[in-house]
Amino acid sequence: MADWNGEWVKQIAETLKILASEKNIELNGAEARLKGARPPKADMGDIAFPLFPFAKEFRMAPPQLASEVASRLGESSHGRVEAAGPYVNVFLKRENIVSETLKNVLTSQGTWGNNDSLKGRKIMIEFSSPNTNKPLHLGHLRNDALGESSARILKANGADVQKVILVNDRGVHICKSMLAYKKFGQGDTPESTGIKGDRLVGDYYVKFAQWAKEDDTAEKQAQEMLQKWEAGDEEVRKLWETMNKWTLDGIGETYRKTNVSFDKYYYESQLYKLGKENILKGLEKGIFYKDEDGSTRVDMSEIGLDTKVLLRSDGTSVYITQDIGTAISRQNDWPFDQLIYVVGNEQDYHFQVLFYILKKLGYQWAEDLYHLSYGMVNLPDGKMKSREGTVVDADDLIANLSDLALEEIRAKGREEEVEDARATADAVTLAALHYYLLQVTPKKDMVFNPKESLSFNGNTGPYLQYMAARICSMERKAREMGWNTEDSQVDGTLLTADEEWELVGILADFPRVVEQAGKDHNPSLIAAALYNGAKVFSRYYHDNPILNNENTTLAKARLQLSLAVLEMLKNGFDLINIPFLAKM
RNA sequence: GCGCCCAUAGCUCAGCUGGAUAGAGCGCCGGACUUCGAAUCCGUAGGUCGCAGGUUCGAAUCCUGCUGGGCGUACCA
């Protein structure tokens, strides 16, 4: 209950100062040294202040000092204080805080947790970055989950957020699928074959690899095609456009299915030239230099790095070239206060270089670029490898999960009740998937076990959905009984039991969790808070009758507490992209 | 070689930025549905927080050095 921390810091500091002056001791910075923590057990109080740091100057043992402070502070209208060994523990006045918190939550209209810590900030966030030669895989799903969730969290903190995507639609890898299609495609289309466009194109990318094993001119032919593409060859361009559209339509369907969207699309094919121009400008100004081998390079020795090629000796652009163009173009389109790149940690070095180059080019906003670096998704026996066919396809994974969820719904006999069983199964799937991907701290690698990982029981997304659905179920029942479920006035004296107090504490803390998640770009904090809330609630309603209570006044108060928990869950679900279900 | 990151229960992960006895889920074993939805709840077992030093009243958390793993260090993207 950090909310009430400050007040007690002041009071305790004041007491310490008085004590110090009585003993002719000089005491400074008491406030800063008083750091409230949560006691290990609820019955020990709500905030604990360790007094070790003061023991030396007071020449008192910490427990002695604690009891001295506690006896002087005594009781006030906000709560009371007790010494517990070397700690001063604060017991807050529950009933006031309960009714105040519940009122705030119940009148928040689906926004509990939102705050204005980032109000006025314009934040652009790039994520997903698909290639147009193959479908999305599990790695993209983590990226998308992180990007979409971070964007929603930033918005909840009051920021003006623009979600953008960079489509890697240019390069030799694109030409490889095109070439294979030209050779083996026989005019197939997504329509004629019934195969999703991105899958179809991806299949030809695989075919190219097979073909290249037998024909060693294949790679060369792909290079030639790229040159034709760069020269604007009509036939190549036309095929390129057609196949890109297939892929993007297919990938777009996956985005729709996973509730991921973008405000603006950027295409590498349209931006690499702008990057090139800027590098040439930098070369003129002497920021970059031409190496003996003819390539254009940047010297990064002043930040302890080597040199990096920016343009090949034949003048063509490399990967980083378009990122330079993209960043500039974005600042022009929508002058941001911050630009976040959601990209895997294998590119940490790349972004260090990119940010350095933009700084050297004199763009002040280069200071506002941030790489949200995340770890890889590995399989139990190691990395996903496309060569070995161990890449987990996003669509396949989602389809399999949905089938499992559907089976589950049928097994529980809930098919009639939920009306559209497949839609419900899809929603459960997204909950399982997104929760699984977001519960891990972004920077850490994670392991995905296809057989065991995505369970619907325990610490999972569906568990959260289930708790919300159970509360909805109570709400429906209450309405049937003619109760007013809109009331936000709660008699706090009815809800002061430890479990209730704990729930109120979780609710009261949620805005701070959202704020922290925004600051740290870490959705896992939200996931953890929601799980904690759901778990505590679930024990609470298991042990305590809520509606089935002879005391109607108490029943109504408990229902209000439940509805407040529902408020937090609903808004939290939205922040980590988990669908809310009134029934499941 | 050099640089960055990681290491917590059998497995997958938390640990609120230094505080009291390190927590969940899965799995194992054992309980709870004539009662608000059992996708639930309760209990048992499971730890030298990779190793060794250091800072501190106090370290999983901070500093140093090791060990093990990942990634990067391309005129690939």
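Just so it is clear: chains get the letters A, B, ... in the order the sequence lines come, proteins before strands, and each one is counted from 1.
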Item to complete: Test side chain to side chain donor-acceptor pair (under 3.5 Å) on Ser295(A) and Asp293(A) and set out the steps.
Response: CA-CA 6 Å; Ser295(A) 60; Asp293(A) 60 14; 2.6 Å; yes

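- Using a 4.0 Å heavy-atom criterion, one finds that Asn544(A) contacts the bases of the nucleic acid, with or without backbone contacts as well.
- Regarding contacts with the backbone of rC57(B), a side-chain N or O of Lys56(A) is found under 4.0 angstrom from either OP1 or OP2.
- The side chain of Asn548(A) has rC36(B) as its nearest neighbour among rC75(B), rC36(B), rG70(B).
- Separating the C1' atom of rG50(B) from that of rC5(B) is a span of 16 Å, rounded to the nearest Å.
- Under a cutoff of 6.0 Å and an axis angle of 45°, Arg297(A) and Phe288(A) do not form a cation-pi pair.
- Take the nearest nucleotide of RNA chain B for Pro545(A) and for Pro40(A): the residue whose nucleotide is more 5' is Pro40(A).
- Heavy atoms of Ala48(A) sit under 4.0 angstrom from at least one base atom.
- Base engagement by Lys41(A) is indicated by at least one non-hydrogen atom pair under 4.0 Å involving a base atom.
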Worksheet, complete the sentence: For RNA chain B, the dot-bracket notation using Watson-Crick and G-U wobble pairs below 3.5 Å, [ ] for pseudoknot-type crossings and | for other-strand pairs, is (((((((..((((.....[...))))..((((.......))))......(((((..]....))))))))))))....

Item to complete: Just do the ring-ring contact (aromatic ring centres under 6.0 Å, His included) check on Tyr341(A) and Phe127(A) with the steps written out, would you?
Response: CA-CA 6 Å; Tyr341(A) 293 90; Phe127(A) 58 100; over 10 Å; no

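- Salt bridge annotation for Asp403(A)-Arg422(A): present, with a cationic side-chain nitrogen under 4.0 angstrom from a carboxylate oxygen.
- Residues Thr296(A) and Val309(A) are not in side-chain contact: their nearest non-hydrogen atoms beyond the backbone lie 4.5 Å or more apart.
- A donor-acceptor contact under 3.5 Å links the side chain of Asp293(A) to the base of rC75(B).
- Put simply, the side chain of Lys583(A) reaches to within 4.5 Å of the side chain of Arg476(A), judged on heavy atoms.
- The listed nucleotides are rA38(B), rC75(B), rC57(B); the one nearest the side chain of Phe52(A) is rC57(B).
- Taking side-chain N and O atoms only, Asn457(A) has no distance below 4.0 Å to OP1 or OP2 of rG25(B).
- A donor and an acceptor atom sit less than 3.5 Å apart, one in the side chain of Ser313(A) and one in the base of rC75(B).
- Nucleic acid contact for Ile409(A): base, since at least one base atom lies under 4.0 Å from a heavy atom of the residue.
- The aromatic ring centres of Tyr463(A) and Tyr531(A) sit less than 6.0 Å apart.
- At a threshold of 4.0 angstrom between heavy atoms, the contacts of Tyr463(A) are confined to the sugar-phosphate backbone, with no base atom among them.
- Note on Thr316(A): every side-chain N or O is 4.0 Å or more away from OP1 and OP2 of rC75(B).
- The aromatic rings of Trp229(A) and Tyr272(A) lie tilted to each other, with the angle between the two planes from 30° to 60°.
- Among the protein residues, Asn89(A) comes within range of the nucleic acid bases, having at least one heavy atom under 4.0 Å from a base atom.
- Relative to the side chain of Lys412(A), the nucleotides rG37(B), rA39(B), rA24(B) differ in distance, and rA39(B) lies closest.
- For the pair Pro442(A) and Asn168(A), both in contact range of RNA chain B, the more 5′-proximal nearest nucleotide belongs to Pro442(A).
- Here Arg470(A) lies in heavy-atom contact (under 4.0 Å) with a base.
- For the OP1/OP2 pair of rC41(B) and a distance below 4.0 Å, the side-chain nitrogens and oxygens of Ser538(A) include at least one atom meeting the criterion.
- Here the nucleotide nearest the side chain of Lys535(A), chosen from rG37(B), rA77(B), rC42(B), is rC42(B).
- Computed from coordinates, the Gln347(A) CD to rC5(B) P distance equals 17 Å when rounded to whole Å.
- Aromatic rings from Tyr319(A) and His350(A) are positioned such that their centres are separated by under 6.0 Å.
- Residue-level contact check: Ala469(A) touches the bases, meaning some heavy atom is under 4.0 Å from a base atom.
- Side-chain nitrogen and oxygen atoms of Arg312(A) include at least one within less than 4.0 Å of the OP1 or OP2 phosphate oxygen of rA77(B).
- When the nucleotides rC75(B), rC36(B), rG19(B) are ranked by their closest atom to the side chain of Pro50(A), rG19(B) comes out on top.
- You won't find any donor-acceptor pair under 3.5 Å spanning the side chain of Asp306(A) and the base of rA74(B), going by distance alone.
- For rG37(B), the OP1/OP2 oxygens have a side-chain nitrogen or oxygen of Lys477(A) closer than 4.0 Å.
- Which of rA77(B), rG72(B), rU8(B) sits closest to the side chain of Lys444(A) comes down to rU8(B).
- Across all strands shown, Met44(A) has heavy atoms under 4.0 Å from base atoms, whether or not it also approaches the sugar-phosphate.
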